[in-house]
Visitor: 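Pasting a structure below so you can have a look.
Everything numeric in this text was worked out from a predicted model, so none of it was measured. So that the names make sense, note that chain A is the first sequence line, chain B the second, and so on, each numbered from 1.
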Number of protein chains: 2
Amino acid sequence: MRALVVEDDQRIAADLDAALGAAGFVVETCADGEDAWFLGDTEDYALIVLDLGLPAMDGLSVLKRWRANGRNMPVLVLTARGAWMERVEGIEAGADDYLPKPFRMEELVARARALVRRSAGQGAAVHSIGALTLDTNRMSVALRGVPVRVTALEYRLLAYLALSNGRVVPPGELLEHLYGDDDAREANALEAVVARLRRKLGAGVIGTRRGFGYFLEGSAA
Amino acid sequence: MRALVVEDDQRIAADLDAALGAAGFVVETCADGEDAWFLGDTEDYALIVLDLGLPAMDGLSVLKRWRANGRNMPVLVLTARGAWMERVEGIEAGADDYLPKPFRMEELVARARALVRRSAGQGAAVHSIGALTLDTNRMSVALRGVPVRVTALEYRLLAYLALSNGRVVPPGELLEHLYGDDDAREANALEAVVARLRRKLGAGVIGTRRGFGYFLEGSAA
DNA sequence: CGGGCCTTGTCAGCGAATTGTCAGCACGGC
DNA sequence: GCCGTGCTGACAATTCGCTGACAAGGCCCG
């Protein structure tokens, strides 16, 4: 967990270093706006603590340039007490949080943890099974990286098989899952969907175990 | 963009409602801890503003119970001035931000926006998705740099899609966030808004995945 | 207070994509 | 070789989403 502290006051920088270090961060410090900009733009930090009053380049400008370059690591800004307008500006420039000086170290650490916790909680929702990839955010399917157009029903079928982890799924269970069991379909409806999918995906993706059901090949042999 | 305001003081609640409403949120309010807990646990909000002193159940307990149930929407806590210990507790209970009372409405709105941005994994107030740019501060939209006049409702739709990061958003979810679920609309209302937007933005901006919902094209290929 | 403009929900019709059904075919198991 | 299960292609029905028009409501300005 790397953290960058941008602060020109030696004493405060040392305190921050100590407190964040004790909280489990690997801390680097930097006292000047240009260095800060360069480091933040090229290195990969889990958190940046940024003081606004800096030599060589103003903290707000640094922040804006990071954001303009698409860097979106969490940034905690330190502001002067009571300058609420400055805080609004900071937030609109892309700060994730601010702390008015002077502050309690406990509070800084708590907010740092909260920021990191939040920025970590964004997993990509893609599942890969054999040559098949499905993205549950985009509701899309790809085969060996090539996107394949599938309809809603086809997607749901694939998704259910994928989440079943290669298990052989009986037709009854699939029917029940795809449609409510309220409205009944001919048993053949399912076979038709599978057939259409196989035409799109080619052989070797959806397997049949005669008398038992369907499964995704390549997931668990 | 639905927001829940939990505040027992009628006047403050009304002010918050007005300010957040003007900032483009669809605001619901609630004055008691138990209701708050129930709403936050069952409904889907983009933001919750939570006062700590509440009847029926303490704000911190409400928050903890949400988090214990795995609800991770951004929560902005209102605290009494100077009670920094209370703030640390709040953050460790899972608050994403706090604001000491009394506060400036401008600041609250700025932080609310920042929270929503952050929870979508974006750092900046200006979002670019494909040819589309939207500025969450000014509530304005541009297409390839050319400003486009959109209505409040259209903007909210675009903003929600943009903050969803290109995910396919089901119509039900969109309806819920554009209007509260208090007043129901025909399903067609949504399609009408999308149609109007497409007329303004041209093709290739808002995509449809039949059977699933809408998404912003070009957000990540 | 009245008038006009802007916004937005609703309706009805249309077109296309999706999907169920059917009938015949293929293939595997015994 | 026979039987049954599952596959396929064609076809038709249906669902889904889009569009344009219209009307109701809201808001600003005179």
Side-chain angles (χ1 to χ4, degrees), chain A residues 139-141 148-161 168-217, chain B residues 1 18 21-22 24 26 139-141 148-161 168-217:
Chain A
M139 305 289 190
S140 67
V141 175
V148 178
R149 258 181 58 89
V150 295
T151 70
L153 189 66
E154 290 165 354
Y155 176 85
R156 277 189 280 152
L157 174 58
L158 277 181
Y160 192 73
L161 288 181
V168 175
V169 181
E173 188 181 335
L174 274 174
L175 282 168
E176 190 178 313
H177 183 78
L178 289 187
Y179 320 102
D181 35 20
D182 328 317
D183 58 338
R185 286 342 196 257
E186 296 287 319
N188 199 302
L190 185 59
E191 296 167 13
V193 179
V194 172
R196 280 191 263 263
L197 262 174
R198 287 213 250 244
R199 200 176 315 159
K200 289 180 184 179
L201 300 173
V205 178
I206 303 179
T208 306
R209 181 126 304 159
R210 206 182 169 84
F212 290 101
Y214 298 98
F215 63 98
L216 278 191
E217 285 178 10
Chain B
M1 206 70 67
V26 176
M139 300 219 277
S140 66
V141 176
V148 178
R149 257 181 60 87
V150 295
T151 70
L153 188 64
E154 290 166 351
Y155 174 82
R156 273 187 276 153
L157 174 56
L158 279 180
Y160 192 75
L161 287 182
V168 174
V169 182
E173 187 180 334
L174 273 175
L175 283 168
E176 192 175 304
H177 276 265
L178 288 188
Y179 321 102
D181 44 13
D182 324 320
D183 56 339
R185 260 40 173 221
E186 295 288 317
N188 201 318
L190 185 60
E191 295 166 15
V193 179
V194 171
R196 281 189 262 263
L197 262 174
R198 287 213 250 244
R199 205 172 311 158
K200 290 181 183 178
L201 300 173
V205 177
I206 304 179
T208 305
R209 182 123 298 158
R210 199 186 170 91
F212 287 114
Y214 296 98
F215 63 99
L216 280 190
E217 284 177 10

Visitor: Between B:V26 and B:Y179, which heavy-atom pair has the shortest distance, and what is it?
Guide: CG1-C, 4.0 Å
Visitor: Figure out the CG/P separation between B:L190 and D:dG17, and round it to whole Å.
Guide: 10 Å
Visitor: Among D:dT8, C:dG20, C:dT18, find the nucleotide with the atom closest to the side chain of A:R149.
Guide: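 For the A:R149 side chain, the nearest candidate turns out to be C:dT18.
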Visitor: Can you tell me the distance, in whole Å, between the CG atom of A:L197 and the C1' atom of D:dG9?
Guide: 16 Å
Visitor: Indicate whether OP1 or OP2 belonging to C:dT19 is found under 4.0 Å from a side-chain N or O atom of A:T151.
Guide: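 A:T151 to C:dT19 OP1/OP2: side-chain N or O found under 4.0 Å.
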Visitor: Whole angstroms only, please: what is the CG-C1' distance between B:L201 and D:dC18?
Guide: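 One finds 16 Å between C1' of D:dC18 and CG of B:L201, rounded.
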Visitor: Quick one: which of D:dC7, C:dT8, C:dT10 gets closest to the side chain of B:A192?
Guide: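 Of the candidates, C:dT10 comes closest.
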Visitor: Roughly how far, to the nearest 0.5 Å, is the CG atom of A:L197 from the CG atom of A:L158?
Guide: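 These two atoms lie 5.0 Å from each other.
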Visitor: Specify the separation, in whole Å, of atom CG of B:L153 and atom C1' of C:dC6.
Guide: 13 Å
Visitor: If every non-hydrogen atom of A:L157 is compared with every non-hydrogen atom of A:L178, which pair is closest and at what distance?
Guide: N-CD2, 3.8 Å
Visitor: Taking the minimum atom-to-atom distance to the side chain of A:R199, which one of D:dG6, D:dG9, C:dT19 wins?
Guide: D:dG9
Visitor: Counting side-chain heavy atoms from C-beta on, which of D:dC18, C:dT21, C:dT19 comes nearest to B:Y214?
Guide: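 Between D:dC18, C:dT21, C:dT19, the one nearest the side chain of B:Y214 would be D:dC18.
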Visitor: Is a side-chain donor or acceptor of A:E154 paired with a backbone partner of A:T151 at a separation under 3.5 angstrom?
Guide: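 Checking the backbone N and O of A:T151 against the side chain of A:E154, a donor-acceptor pair under 3.5 Å is found.
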Visitor: For B:R196, answer base if it contacts any base atom (sugar-phosphate contacts may also be present), sugar-phosphate if it contacts only those atoms, and nothing otherwise; contact means non-hydrogen atoms under 4.0 Å.
Guide: base
Visitor: Tell me the interatomic distance from B:F212, atom CZ, to D:dT15, atom P, rounded to whole angstroms.
Guide: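 Answer to the nearest Å: 18 Å.
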Visitor: Counting only side-chain N and O atoms of A:T208, is one of them less than 4.0 Å from OP1 or OP2 of D:dC7?
Guide: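 A:T208 to D:dC7 OP1/OP2: side-chain N or O found under 4.0 Å.
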Visitor: Between the side chain of A:R198 and the main-chain N/O of A:I206, is any donor-acceptor distance below 3.5 Å?
Guide: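 Between the backbone of A:I206 and the side chain of A:R198 there is a qualifying donor-acceptor contact (under 3.5 Å).
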Visitor: May I have the distance from B:E191 (atom CD) to C:dG13 (atom P), rounded to whole angstrom?
Guide: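 For the pair B:E191 CD and C:dG13 P, the rounded distance is 16 Å.
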Visitor: Rounded to whole angstrom units, what separation is found between the CG atom of A:L175 and the P atom of D:dG6?
Guide: 12 Å
Visitor: Any idea which of C:dT7, D:dG4, C:dT21 is nearest the A:R210 side chain?
Guide: D:dG4
Visitor: Name the nucleic acid region contacted by B:E186, choosing base, sugar-phosphate or nothing; use a 4.0 angstrom heavy-atom cut-off, strictly under.
Guide: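 The answer is sugar-phosphate, as B:E186 gets under 4.0 Å only of primed atoms, P, OP1 or OP2.
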Visitor: Quickly work out the A:R209 CZ to D:dT5 P distance and round it to whole Å.
Guide: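 Going from A:R209 (CZ) to D:dT5 (P), I get 18 Å.
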Visitor: For C:dT19, does either OP1 or OP2 sit under 4.0 Å from a side-chain N or O belonging to A:Y179?
Guide: no
Visitor: In terms of the nearest nucleotide of DNA chain C, which residue is placed more toward the 5' end: A:V150 or B:N188?
Guide: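 Nearer the 5' end of the strand: B:N188.
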